[in-house]
There are 2 protein chains.
Amino acid sequence: MTTAPITAAPPSVAGQVITLHGETELIARAGHLFEAKTEFICAAVDTSIWSMSITRDHALRRLATHRAAGVAVYKLYNPAAVAEPADLAHLARVAEFGAQVRICPSKLPHEAIIIDGRVAILAGPTVAGERDFSVVSVPGVVEGVRSLFMTTWQAATDLAEYLPASRPQVDEQGLTILRLLSAGQKDETAARQLGFSVRTYRRRVAELMDALGASSRFQAGVRARELGLRI
Amino acid sequence: MTTAPITAAPPSVAGQVITLHGETELIARAGHLFEAKTEFICAAVDTSIWSMSITRDHALRRLATHRAAGVAVYKLYNPAAVAEPADLAHLARVAEFGAQVRICPSKLPHEAIIIDGRVAILAGPTVAGERDFSVVSVPGVVEGVRSLFMTTWQAATDLAEYLPASRPQVDEQGLTILRLLSAGQKDETAARQLGFSVRTYRRRVAELMDALGASSRFQAGVRARELGLRI
DNA sequence: ACCCGGATGGCAACAAGCTGCCAGCCCCGC
DNA sequence: GCGGGGCTGGCAGCTTGTTGCCATCCGGGT
(Lines give C-alpha, C1' and ligand atoms only; values in the text may rest on other atoms or scores of the structure.)
Protein backbone atom coordinates (compact mmCIF):
# COMPACT_ATOMS: atom_id res chain seq x y z
CA MET A 1 0.00 0.00 0.00
CA THR A 2 2.31 2.71 -1.17
CA THR A 3 1.64 5.98 -2.87
CA ALA A 4 3.17 6.58 -6.27
CA PRO A 5 6.47 8.37 -5.70
CA ILE A 6 6.84 12.09 -6.21
CA THR A 7 8.90 12.76 -9.30
CA ALA A 8 12.48 14.03 -8.79
CA ALA A 9 14.02 15.09 -5.47
CA PRO A 10 11.81 16.93 -2.99
CA PRO A 11 12.56 20.67 -3.04
CA SER A 12 12.10 21.11 0.73
CA VAL A 13 11.19 19.13 3.81
CA ALA A 14 10.12 21.45 6.55
CA GLY A 15 9.83 18.93 9.33
CA GLN A 16 9.03 15.35 9.84
CA VAL A 17 5.99 13.34 10.67
CA ILE A 18 6.49 11.17 13.71
CA THR A 19 4.23 8.23 14.45
CA LEU A 20 3.91 7.28 18.09
CA HIS A 21 2.20 4.22 19.47
CA GLY A 22 -0.12 4.68 22.42
CA GLU A 23 -0.92 7.55 24.70
CA THR A 24 1.86 6.70 27.15
CA GLU A 25 4.50 6.96 24.43
CA LEU A 26 2.89 10.12 23.12
CA ILE A 27 3.07 11.82 26.48
CA ALA A 28 6.56 10.53 27.19
CA ARG A 29 8.01 11.54 23.82
CA ALA A 30 5.91 14.55 22.85
CA GLY A 31 4.24 15.58 26.07
CA HIS A 32 6.20 18.83 26.18
CA LEU A 33 4.54 19.88 22.92
CA PHE A 34 1.27 20.18 24.82
CA GLU A 35 2.62 23.31 26.51
CA ALA A 36 0.79 25.87 24.45
CA LYS A 37 1.84 29.49 24.45
CA THR A 38 -0.89 31.11 22.41
CA GLU A 39 -3.47 28.61 21.28
CA PHE A 40 -4.58 25.12 22.15
CA ILE A 41 -7.06 23.36 19.92
CA CYS A 42 -8.57 20.01 20.69
CA ALA A 43 -11.17 18.03 18.79
CA ALA A 44 -12.19 15.19 21.08
CA VAL A 45 -14.48 12.21 20.80
CA ASP A 46 -15.48 12.42 24.43
CA THR A 47 -14.53 14.11 27.64
CA SER A 48 -12.28 11.34 28.93
CA ILE A 49 -9.74 11.08 26.12
CA TRP A 50 -6.55 13.09 26.59
CA SER A 51 -7.13 13.14 30.30
CA MET A 52 -7.44 9.48 31.06
CA SER A 53 -4.18 9.56 33.02
CA ILE A 54 -5.05 12.68 34.95
CA THR A 55 -8.07 13.65 36.98
CA ARG A 56 -10.68 16.06 35.81
CA ASP A 57 -9.65 18.48 38.52
CA HIS A 58 -6.10 18.40 37.19
CA ALA A 59 -7.42 19.16 33.72
CA LEU A 60 -9.37 22.10 35.09
CA ARG A 61 -6.30 23.42 36.88
CA ARG A 62 -4.34 23.27 33.66
CA LEU A 63 -7.09 25.23 32.01
CA ALA A 64 -6.83 27.86 34.70
CA THR A 65 -3.09 27.98 34.01
CA HIS A 66 -3.76 28.40 30.31
CA ARG A 67 -6.17 31.23 31.02
CA ALA A 68 -3.71 32.95 33.29
CA ALA A 69 -1.08 32.66 30.55
CA GLY A 70 -3.42 34.07 27.91
CA VAL A 71 -3.68 30.84 25.92
CA ALA A 72 -6.84 30.54 23.82
CA VAL A 73 -8.30 27.08 24.28
CA TYR A 74 -10.77 25.64 21.78
CA LYS A 75 -12.42 22.33 22.61
CA LEU A 76 -14.71 20.63 20.14
CA TYR A 77 -16.70 17.60 21.20
CA ASN A 78 -18.97 15.02 19.67
CA PRO A 79 -22.69 15.29 20.36
CA ALA A 80 -22.32 12.22 22.62
CA ALA A 81 -20.20 14.26 25.00
CA VAL A 82 -23.28 16.12 26.24
CA ALA A 83 -25.59 13.12 26.39
CA GLU A 84 -24.81 12.37 30.02
CA PRO A 85 -25.58 15.00 32.68
CA ALA A 86 -22.26 14.36 34.45
CA ASP A 87 -20.30 14.95 31.26
CA LEU A 88 -22.35 18.03 30.46
CA ALA A 89 -21.66 19.37 33.94
CA HIS A 90 -17.95 18.78 33.46
CA LEU A 91 -17.94 20.59 30.14
CA ALA A 92 -19.77 23.49 31.76
CA ARG A 93 -16.91 23.73 34.24
CA VAL A 94 -14.37 23.49 31.41
CA ALA A 95 -16.05 26.52 29.87
CA GLU A 96 -16.13 28.31 33.21
CA PHE A 97 -12.40 27.73 33.48
CA GLY A 98 -11.84 29.65 30.29
CA ALA A 99 -12.00 27.20 27.40
CA GLN A 100 -14.28 27.81 24.47
CA VAL A 101 -16.36 24.66 24.13
CA ARG A 102 -18.47 23.73 21.15
CA ILE A 103 -20.41 20.66 20.21
CA CYS A 104 -20.02 19.31 16.71
CA PRO A 105 -23.22 18.73 14.72
CA SER A 106 -21.86 15.47 13.42
CA LYS A 107 -19.69 12.66 14.69
CA LEU A 108 -15.98 13.35 14.78
CA PRO A 109 -14.42 9.93 14.32
CA HIS A 110 -10.83 10.71 15.31
CA GLU A 111 -9.26 13.20 17.59
CA ALA A 112 -6.88 15.99 16.79
CA ILE A 113 -4.85 18.53 18.74
CA ILE A 114 -3.26 21.62 17.30
CA ILE A 115 -0.90 23.62 19.45
CA ASP A 116 0.04 27.20 18.73
CA GLY A 117 -0.66 26.56 15.06
CA ARG A 118 2.73 24.86 14.92
CA VAL A 119 2.18 21.21 15.58
CA ALA A 120 -0.74 18.89 14.95
CA ILE A 121 -1.27 15.60 16.71
CA LEU A 122 -3.68 13.35 14.91
CA ALA A 123 -5.02 10.23 16.56
CA GLY A 124 -5.75 7.07 14.64
CA PRO A 125 -8.42 4.52 15.40
CA THR A 126 -8.18 2.44 18.54
CA VAL A 127 -6.64 -0.96 17.87
CA ALA A 128 -6.19 -3.42 20.76
CA GLY A 129 -6.92 -0.66 23.23
CA GLU A 130 -4.26 1.69 21.89
CA ARG A 131 -4.07 4.32 19.23
CA ASP A 132 -1.29 5.58 17.01
CA PHE A 133 -0.64 9.28 17.00
CA SER A 134 0.84 11.19 14.11
CA VAL A 135 2.78 14.24 15.21
CA VAL A 136 3.36 16.67 12.38
CA SER A 137 4.94 20.11 12.39
CA VAL A 138 5.15 20.92 8.68
CA PRO A 139 3.66 24.43 8.53
CA GLY A 140 1.56 23.78 5.44
CA VAL A 141 0.05 20.63 6.87
CA VAL A 142 -0.56 22.09 10.30
CA GLU A 143 -2.27 25.10 8.74
CA GLY A 144 -4.37 22.85 6.48
CA VAL A 145 -5.46 20.76 9.44
CA ARG A 146 -6.19 23.87 11.49
CA SER A 147 -8.16 25.29 8.56
CA LEU A 148 -10.40 22.22 8.40
CA PHE A 149 -10.79 22.30 12.17
CA MET A 150 -11.84 25.94 12.12
CA THR A 151 -14.41 25.23 9.45
CA THR A 152 -15.92 22.57 11.65
CA TRP A 153 -15.61 24.87 14.66
CA GLN A 154 -17.57 27.62 12.90
CA ALA A 155 -20.39 25.22 12.21
CA ALA A 156 -20.46 23.82 15.72
CA THR A 157 -22.84 24.84 18.47
CA ASP A 158 -21.64 26.64 21.57
CA LEU A 159 -21.90 24.61 24.75
CA ALA A 160 -24.18 27.24 26.23
CA GLU A 161 -26.94 26.07 23.93
CA TYR A 162 -26.89 22.70 25.67
CA LEU A 163 -27.03 23.91 29.22
CA PRO A 164 -30.37 23.33 30.92
CA ALA A 165 -30.73 26.94 32.04
CA SER A 166 -30.92 28.19 28.49
CA ARG A 167 -32.69 25.32 26.91
CA PRO A 168 -36.36 24.40 27.36
CA GLN A 169 -36.95 21.01 28.88
CA VAL A 170 -39.12 19.07 26.50
CA ASP A 171 -39.97 15.50 27.35
CA GLU A 172 -40.56 12.70 24.90
CA GLN A 173 -44.27 13.38 24.65
CA GLY A 174 -43.56 17.03 24.03
CA LEU A 175 -41.23 16.09 21.18
CA THR A 176 -43.93 13.87 19.73
CA ILE A 177 -46.39 16.75 19.84
CA LEU A 178 -43.85 19.03 18.22
CA ARG A 179 -43.40 16.46 15.47
CA LEU A 180 -47.13 16.34 14.83
CA LEU A 181 -47.30 20.12 14.77
CA SER A 182 -44.30 20.20 12.48
CA ALA A 183 -46.11 17.80 10.18
CA GLY A 184 -48.96 20.30 9.91
CA GLN A 185 -51.53 18.24 11.75
CA LYS A 186 -54.69 19.79 13.18
CA ASP A 187 -55.26 19.58 16.94
CA GLU A 188 -58.22 17.20 16.65
CA THR A 189 -56.32 14.77 14.43
CA ALA A 190 -53.15 14.87 16.50
CA ALA A 191 -55.03 14.42 19.78
CA ARG A 192 -56.84 11.38 18.43
CA GLN A 193 -53.55 9.96 17.24
CA LEU A 194 -52.00 10.35 20.69
CA GLY A 195 -55.02 8.88 22.43
CA PHE A 196 -56.19 11.80 24.53
CA SER A 197 -58.68 14.63 24.23
CA VAL A 198 -58.22 17.75 22.18
CA ARG A 199 -58.47 19.75 25.43
CA THR A 200 -55.53 17.89 26.91
CA TYR A 201 -53.63 18.14 23.64
CA ARG A 202 -54.22 21.88 23.61
CA ARG A 203 -53.11 22.04 27.25
CA ARG A 204 -49.87 20.36 26.26
CA VAL A 205 -49.36 22.67 23.29
CA ALA A 206 -49.87 25.66 25.57
CA GLU A 207 -47.20 24.26 27.92
CA LEU A 208 -44.81 23.80 25.01
CA MET A 209 -45.46 27.36 23.85
CA ASP A 210 -44.55 28.56 27.34
CA ALA A 211 -41.40 26.44 27.40
CA LEU A 212 -40.36 27.79 24.00
CA GLY A 213 -41.22 31.33 25.01
CA ALA A 214 -43.48 31.72 21.99
CA SER A 215 -46.66 33.79 21.68
CA SER A 216 -47.79 32.30 18.37
CA ARG A 217 -47.59 28.93 16.76
CA PHE A 218 -45.46 30.21 13.91
CA GLN A 219 -42.98 31.59 16.44
CA ALA A 220 -43.03 28.29 18.30
CA GLY A 221 -42.19 26.45 15.10
CA VAL A 222 -39.23 28.72 14.44
CA ARG A 223 -38.00 28.37 18.02
CA ALA A 224 -38.37 24.60 18.02
CA ARG A 225 -36.23 24.31 14.92
CA GLU A 226 -33.70 26.87 16.17
CA LEU A 227 -33.17 24.86 19.32
CA GLY A 228 -32.46 21.85 17.17
CA LEU A 229 -35.09 19.83 18.97
CA ARG A 230 -35.46 16.37 17.49
CA ILE A 231 -38.67 17.01 15.60
CA MET B 1 10.04 29.84 14.76
CA THR B 2 10.74 26.21 15.38
CA THR B 3 8.92 23.57 17.31
CA ALA B 4 10.67 22.06 20.32
CA PRO B 5 12.37 18.87 19.11
CA ILE B 6 10.89 15.43 19.73
CA THR B 7 12.94 13.62 22.31
CA ALA B 8 15.19 10.76 21.06
CA ALA B 9 15.15 9.25 17.58
CA PRO B 10 11.84 8.94 15.76
CA PRO B 11 10.52 5.36 15.86
CA SER B 12 9.09 5.48 12.34
CA VAL B 13 8.70 7.81 9.42
CA ALA B 14 6.02 6.56 7.08
CA GLY B 15 6.54 8.99 4.29
CA GLN B 16 7.54 12.53 3.77
CA VAL B 17 5.82 15.83 3.52
CA ILE B 18 6.65 17.63 0.31
CA THR B 19 6.11 21.34 -0.06
CA LEU B 20 5.54 22.58 -3.60
CA HIS B 21 5.36 26.16 -4.73
CA GLY B 22 2.54 27.14 -7.06
CA GLU B 23 -0.09 25.23 -8.94
CA THR B 24 2.11 24.68 -11.98
CA GLU B 25 4.77 22.95 -9.92
CA LEU B 26 2.11 21.00 -8.08
CA ILE B 27 0.64 19.64 -11.29
CA ALA B 28 4.05 19.02 -12.83
CA ARG B 29 5.50 17.21 -9.81
CA ALA B 30 2.43 15.61 -8.21
CA GLY B 31 -0.19 15.80 -10.91
CA HIS B 32 -0.27 12.01 -11.28
CA LEU B 33 -1.44 11.77 -7.66
CA PHE B 34 -4.74 13.30 -8.74
CA GLU B 35 -5.60 10.06 -10.49
CA ALA B 36 -7.95 8.63 -7.93
CA LYS B 37 -8.91 4.99 -7.96
CA THR B 38 -11.55 4.87 -5.25
CA GLU B 39 -12.19 8.26 -3.72
CA PHE B 40 -11.53 11.87 -4.55
CA ILE B 41 -12.17 14.50 -1.91
CA CYS B 42 -11.89 18.20 -2.52
CA ALA B 43 -12.60 21.10 -0.20
CA ALA B 44 -12.52 24.19 -2.37
CA VAL B 45 -12.83 27.91 -1.80
CA ASP B 46 -14.60 28.48 -5.07
CA THR B 47 -15.40 26.76 -8.31
CA SER B 48 -12.41 28.05 -10.27
CA ILE B 49 -9.53 26.81 -8.12
CA TRP B 50 -8.03 23.47 -9.14
CA SER B 51 -9.36 23.97 -12.60
CA MET B 52 -7.90 27.30 -13.53
CA SER B 53 -5.68 25.72 -16.15
CA ILE B 54 -8.44 23.63 -17.64
CA THR B 55 -11.89 24.48 -18.88
CA ARG B 56 -15.01 23.67 -16.98
CA ASP B 57 -16.01 21.24 -19.74
CA HIS B 58 -12.72 19.41 -19.24
CA ALA B 59 -13.42 19.20 -15.52
CA LEU B 60 -16.86 17.77 -16.22
CA ARG B 61 -15.38 15.19 -18.58
CA ARG B 62 -12.95 14.11 -15.90
CA LEU B 63 -15.87 13.70 -13.54
CA ALA B 64 -17.57 11.48 -16.07
CA THR B 65 -14.38 9.45 -16.26
CA HIS B 66 -14.32 9.17 -12.47
CA ARG B 67 -17.91 8.02 -12.43
CA ALA B 68 -17.25 5.44 -15.11
CA ALA B 69 -14.32 4.17 -13.06
CA GLY B 70 -16.37 3.98 -9.86
CA VAL B 71 -14.53 6.76 -8.07
CA ALA B 72 -16.52 8.47 -5.34
CA VAL B 73 -16.11 12.23 -5.65
CA TYR B 74 -16.83 14.55 -2.75
CA LYS B 75 -16.72 18.29 -3.37
CA LEU B 76 -17.16 20.76 -0.55
CA TYR B 77 -17.51 24.43 -1.33
CA ASN B 78 -17.74 27.71 0.50
CA PRO B 79 -21.11 29.45 0.67
CA ALA B 80 -19.77 32.05 -1.75
CA ALA B 81 -19.58 29.36 -4.44
CA VAL B 82 -23.36 29.41 -4.84
CA ALA B 83 -23.81 33.16 -4.60
CA GLU B 84 -23.57 33.66 -8.37
CA PRO B 85 -26.15 31.96 -10.62
CA ALA B 86 -23.49 30.92 -13.15
CA ASP B 87 -21.43 29.21 -10.46
CA LEU B 88 -24.51 27.57 -9.03
CA ALA B 89 -25.41 26.29 -12.49
CA HIS B 90 -21.93 24.87 -12.92
CA LEU B 91 -22.08 23.09 -9.57
CA ALA B 92 -25.45 21.65 -10.56
CA ARG B 93 -23.77 20.15 -13.59
CA VAL B 94 -20.88 18.88 -11.43
CA ALA B 95 -23.47 17.05 -9.36
CA GLU B 96 -25.20 15.76 -12.48
CA PHE B 97 -21.88 14.38 -13.63
CA GLY B 98 -21.66 12.23 -10.53
CA ALA B 99 -19.91 14.24 -7.84
CA GLN B 100 -21.45 14.68 -4.44
CA VAL B 101 -21.50 18.41 -3.84
CA ARG B 102 -22.11 20.09 -0.52
CA ILE B 103 -21.94 23.65 0.68
CA CYS B 104 -20.17 24.40 3.90
CA PRO B 105 -22.08 26.38 6.53
CA SER B 106 -18.99 28.41 7.28
CA LYS B 107 -16.04 29.80 5.37
CA LEU B 108 -13.34 27.32 4.50
CA PRO B 109 -10.17 29.41 4.40
CA HIS B 110 -7.83 26.97 2.65
CA GLU B 111 -8.30 24.17 0.23
CA ALA B 112 -7.58 20.51 0.66
CA ILE B 113 -7.62 17.44 -1.55
CA ILE B 114 -7.56 13.87 -0.32
CA ILE B 115 -7.08 11.10 -2.82
CA ASP B 116 -7.95 7.49 -2.12
CA GLY B 117 -7.39 8.16 1.56
CA ARG B 118 -3.68 7.87 0.80
CA VAL B 119 -2.43 11.34 0.09
CA ALA B 120 -3.54 14.77 1.20
CA ILE B 121 -2.70 17.97 -0.59
CA LEU B 122 -3.15 21.02 1.57
CA ALA B 123 -3.04 24.49 0.09
CA GLY B 124 -1.62 27.44 1.95
CA PRO B 125 -2.68 31.06 1.63
CA THR B 126 -2.12 32.93 -1.59
CA VAL B 127 1.04 35.04 -1.53
CA ALA B 128 2.04 37.08 -4.59
CA GLY B 129 -0.54 35.24 -6.63
CA GLU B 130 0.78 31.79 -5.78
CA ARG B 131 0.19 29.25 -3.08
CA ASP B 132 2.33 26.62 -1.46
CA PHE B 133 0.99 23.11 -1.38
CA SER B 134 1.89 20.51 1.20
CA VAL B 135 1.71 16.99 -0.11
CA VAL B 136 1.58 14.43 2.68
CA SER B 137 1.13 10.69 2.51
CA VAL B 138 1.72 9.64 6.12
CA PRO B 139 -1.28 7.38 6.81
CA GLY B 140 -2.00 8.82 10.26
CA VAL B 141 -1.94 12.38 9.01
CA VAL B 142 -3.99 11.65 5.91
CA GLU B 143 -6.56 9.83 8.00
CA GLY B 144 -6.67 12.68 10.51
CA VAL B 145 -7.18 15.24 7.78
CA ARG B 146 -9.82 13.07 6.15
CA SER B 147 -11.52 12.68 9.52
CA LEU B 148 -11.78 16.44 9.99
CA PHE B 149 -13.00 16.81 6.43
CA MET B 150 -15.71 14.22 6.92
CA THR B 151 -16.89 15.98 10.06
CA THR B 152 -17.29 19.18 8.10
CA TRP B 153 -18.87 17.24 5.26
CA GLN B 154 -21.49 15.76 7.58
CA ALA B 155 -22.46 19.22 8.74
CA ALA B 156 -22.59 20.68 5.25
CA THR B 157 -25.69 21.18 3.16
CA ASP B 158 -26.30 19.23 0.01
CA LEU B 159 -26.21 21.33 -3.15
CA ALA B 160 -29.78 20.33 -3.92
CA GLU B 161 -30.97 22.59 -1.13
CA TYR B 162 -29.58 25.57 -3.04
CA LEU B 163 -31.12 24.85 -6.38
CA PRO B 164 -34.03 27.13 -7.22
CA ALA B 165 -36.34 24.24 -8.07
CA SER B 166 -36.26 22.96 -4.53
CA ARG B 167 -36.10 26.23 -2.70
CA PRO B 168 -39.04 28.62 -2.29
CA GLN B 169 -38.56 32.05 -3.78
CA VAL B 170 -39.28 34.58 -1.07
CA ASP B 171 -38.96 38.24 -1.88
CA GLU B 172 -37.92 40.96 0.53
CA GLN B 173 -41.49 41.70 1.61
CA GLY B 174 -42.04 38.02 2.22
CA LEU B 175 -38.97 37.92 4.46
CA THR B 176 -40.27 40.92 6.37
CA ILE B 177 -43.56 39.16 6.93
CA LEU B 178 -41.73 36.03 8.05
CA ARG B 179 -39.78 38.14 10.54
CA LEU B 180 -42.97 39.61 11.97
CA LEU B 181 -44.50 36.15 12.21
CA SER B 182 -41.31 34.88 13.80
CA ALA B 183 -41.56 37.69 16.34
CA GLY B 184 -44.99 36.39 17.32
CA GLN B 185 -46.95 39.33 16.02
CA LYS B 186 -50.71 39.12 15.39
CA ASP B 187 -51.96 39.70 11.86
CA GLU B 188 -53.69 43.00 12.67
CA THR B 189 -50.59 44.47 14.31
CA ALA B 190 -48.24 43.29 11.61
CA ALA B 191 -50.51 44.52 8.81
CA ARG B 192 -50.71 47.96 10.38
CA GLN B 193 -46.94 48.03 10.75
CA LEU B 194 -46.45 47.21 7.09
CA GLY B 195 -49.05 49.74 5.99
CA PHE B 196 -51.63 47.57 4.33
CA SER B 197 -54.88 45.83 5.31
CA VAL B 198 -55.14 42.67 7.32
CA ARG B 199 -56.83 41.01 4.31
CA THR B 200 -53.83 41.74 2.14
CA TYR B 201 -51.45 40.65 4.90
CA ARG B 202 -53.33 37.39 5.21
CA ARG B 203 -53.22 37.04 1.43
CA ARG B 204 -49.45 37.36 1.60
CA VAL B 205 -49.16 34.89 4.47
CA ALA B 206 -51.23 32.40 2.49
CA GLU B 207 -48.85 32.81 -0.44
CA LEU B 208 -45.86 32.22 1.84
CA MET B 209 -47.50 29.12 3.28
CA ASP B 210 -47.90 27.81 -0.27
CA ALA B 211 -44.30 28.62 -1.12
CA LEU B 212 -43.09 26.85 2.01
CA GLY B 213 -45.40 23.91 1.39
CA ALA B 214 -46.91 24.28 4.84
CA SER B 215 -50.47 23.51 5.95
CA SER B 216 -50.23 25.18 9.35
CA ARG B 217 -48.42 28.18 10.72
CA PHE B 218 -46.34 26.06 13.07
CA GLN B 219 -45.18 23.98 10.13
CA ALA B 220 -44.44 27.13 8.18
CA GLY B 221 -42.26 28.39 11.05
CA VAL B 222 -40.28 25.15 11.13
CA ARG B 223 -39.84 25.18 7.36
CA ALA B 224 -38.78 28.81 7.26
CA ARG B 225 -36.05 28.17 9.81
CA GLU B 226 -34.99 24.90 8.14
CA LEU B 227 -34.48 26.70 4.87
CA GLY B 228 -32.24 29.14 6.65
CA LEU B 229 -34.27 32.07 5.43
CA ARG B 230 -32.98 35.35 6.82
CA ILE B 231 -35.72 35.85 9.40
C1' DA C 1 -62.24 4.16 54.45
C1' DC C 2 -61.73 8.82 53.53
C1' DC C 3 -59.87 13.01 51.82
C1' DC C 4 -57.29 15.79 48.87
C1' DG C 5 -54.71 17.10 44.99
C1' DG C 6 -53.75 16.59 40.33
C1' DA C 7 -55.05 15.30 35.81
C1' DT C 8 -58.47 14.65 32.23
C1' DG C 9 -62.28 15.80 29.38
C1' DG C 10 -66.40 18.30 27.98
C1' DC C 11 -68.37 22.69 27.17
C1' DA C 12 -68.31 27.33 26.00
C1' DA C 13 -66.84 32.04 25.13
C1' DC C 14 -63.60 34.34 22.70
C1' DA C 15 -59.63 35.22 19.66
C1' DA C 16 -57.08 34.45 15.71
C1' DG C 17 -56.75 32.89 11.31
C1' DC C 18 -58.55 31.24 6.46
C1' DT C 19 -60.76 32.15 2.39
C1' DG C 20 -64.50 33.49 -0.81
C1' DC C 21 -66.94 37.30 -2.72
C1' DC C 22 -67.51 41.76 -4.40
C1' DA C 23 -66.79 46.76 -5.09
C1' DG C 24 -63.53 50.16 -6.19
C1' DC C 25 -59.22 51.84 -7.90
C1' DC C 26 -55.28 52.10 -10.78
C1' DC C 27 -52.61 51.27 -14.67
C1' DC C 28 -51.82 49.83 -19.22
C1' DG C 29 -52.93 48.90 -23.91
C1' DC C 30 -55.70 49.94 -27.79
C1' DG D 1 -61.32 57.95 -23.85
C1' DC D 2 -62.40 53.46 -22.85
C1' DG D 3 -62.07 48.82 -21.43
C1' DG D 4 -59.97 45.17 -19.04
C1' DG D 5 -57.04 42.99 -15.83
C1' DG D 6 -54.88 42.91 -11.52
C1' DC D 7 -54.61 44.38 -6.93
C1' DT D 8 -56.49 46.07 -2.59
C1' DG D 9 -59.69 46.25 1.10
C1' DG D 10 -64.04 45.38 3.50
C1' DC D 11 -67.21 42.02 4.94
C1' DA D 12 -68.66 37.69 6.29
C1' DG D 13 -68.89 32.81 7.07
C1' DC D 14 -66.27 29.30 8.67
C1' DT D 15 -62.31 26.83 10.79
C1' DT D 16 -58.84 26.44 14.05
C1' DG D 17 -56.90 27.63 18.17
C1' DT D 18 -56.85 29.68 23.27
C1' DT D 19 -58.26 29.41 27.75
C1' DG D 20 -61.46 29.36 31.73
C1' DC D 21 -64.66 26.68 34.33
C1' DC D 22 -66.48 22.66 36.28
C1' DA D 23 -67.49 17.72 36.96
C1' DT D 24 -65.35 13.35 37.33
C1' DC D 25 -61.84 10.06 38.21
C1' DC D 26 -57.75 8.16 40.17
C1' DG D 27 -54.00 7.58 43.15
C1' DG D 28 -51.60 8.48 47.28
C1' DG D 29 -51.37 9.57 52.10
C1' DT D 30 -53.37 9.42 56.65
Side-chain angles (χ1 to χ4, degrees), chain A residues 85 161 164-231, chain B residues 85 161 164-231:
Chain A
E161 293 300 317
S166 67
R167 166 183 198 82
Q169 303 306 294
V170 181
D171 61 12
E172 206 51 48
Q173 188 191 66
L175 289 174
T176 302
I177 291 173
L178 289 175
R179 277 184 210 113
L180 293 170
L181 285 164
S182 179
Q185 296 231 9
K186 293 188 177 63
D187 291 359
E188 290 240 20
T189 314
R192 226 181 291 124
Q193 212 167 308
L194 292 177
F196 42 76
S197 78
V198 72
R199 183 65 193 88
T200 298
Y201 179 84
R202 283 172 171 159
R203 219 178 241 122
R204 293 291 181 279
V205 173
E207 287 158 10
L208 284 166
M209 302 266 286
D210 276 344
L212 293 168
S215 58
S216 74
R217 287 203 182 188
F218 185 101
Q219 187 178 44
V222 171
R223 290 279 288 149
R225 180 48 83 213
E226 272 177 347
L227 292 165
L229 295 168
R230 292 181 290 108
I231 63 176
Chain B
E161 293 299 317
S166 68
R167 169 184 195 83
Q169 305 304 295
V170 181
D171 61 12
E172 206 52 45
Q173 189 192 62
L175 289 173
T176 302
I177 291 174
L178 289 175
R179 279 184 208 113
L180 292 171
L181 285 163
S182 180
Q185 295 232 10
K186 294 190 175 62
D187 291 359
E188 292 240 18
T189 313
R192 225 179 293 123
Q193 213 167 307
L194 293 178
F196 42 75
S197 78
V198 73
R199 183 66 192 85
T200 298
Y201 179 85
R202 283 174 173 158
R203 220 178 238 123
R204 293 293 182 275
V205 172
E207 287 158 9
L208 285 165
M209 304 263 288
D210 277 345
L212 294 167
S215 58
S216 73
R217 286 205 181 188
F218 186 100
Q219 188 179 42
V222 171
R223 291 278 289 146
R225 181 49 80 212
E226 273 177 346
L227 291 166
L229 294 168
R230 293 180 292 107
I231 60 174

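As the structure is a computational prediction, the values presented were derived from the model and not from experiment. A note on names: the letters A, B, ... follow the listed sequences, proteins ahead of strands, and every chain is numbered from 1.
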Cut-off 3.5 Å, no hydrogens considered: what does the side-chain donor-acceptor table look like for residues 204-212 of chain B, sequence neighbours left out?
residue, atom, partner, partner atom, Å
B/Arg204, NE, B/Gln173, OE1, 3.0

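Heavy-atom distances under 4.0 Å link DNA chain C to B/Arg199, B/Arg202 of residues 194-202 of chain B, given in residue order. Near DNA chain C, defined here as any heavy-atom distance below 4.0 Å, there are no residues from residues 206-218 of chain A.
Considering every non-hydrogen atom in both B/Leu175 and B/Val170, the closest pair reads N-CG1, 3.6 Å. For B/Val222 against A/Gly221, the heavy-atom pair with the smallest separation is CG2-O, 3.4 Å.
For residues 191-203 of chain A, the salt bridge (charged side-chain N to carboxylate O under 4.0 Å, His left out) pairs, not counting sequence neighbours, are A/Asp187-A/Arg202.
When DNA chain D is scanned 5' to 3' for any atom under 4.0 Å from a heavy atom of chain A, the first and last hits are D/dT16 to D/dC21. Along DNA chain C, the stretch of nucleotides lying under 4.0 Å from any heavy atom of chain B spans, 5' to 3', C/dA16 to C/dC21.
With rounding to the nearest 0.5 angstrom, the CZ atom of A/Phe218 is 11.5 Å from the CZ atom of B/Arg223. One distance of note links CZ of B/Arg225 with CD of A/Glu226; it measures 4.0 Å at 0.5 Å rounding.
Considering only residues two or more places apart in sequence or on other chains, A/Ala190 meets the side-chain contact (heavy atoms from CB on, under 4.5 Å) condition with A/Leu180, A/Gln185, A/Tyr201. Checked against side chain to side chain donor-acceptor pair (under 3.5 Å), A/Ser215 has the following partners two or more places apart in sequence or in another chain: A/Gln219. Take A/Ser197 and apply the side chain to side chain donor-acceptor pair (under 3.5 Å) test, not counting sequence neighbours, and it matches A/Thr200. Take A/Glu161 and apply the side chain to side chain donor-acceptor pair (under 3.5 Å) test, not counting sequence neighbours, and it matches no residue.
The terminal axes of the helix from C/dA1-D/dT30 to C/dC30-D/dG1, fitted over 5 pairs per end, subtend an angle of 20° to the nearest 10°.
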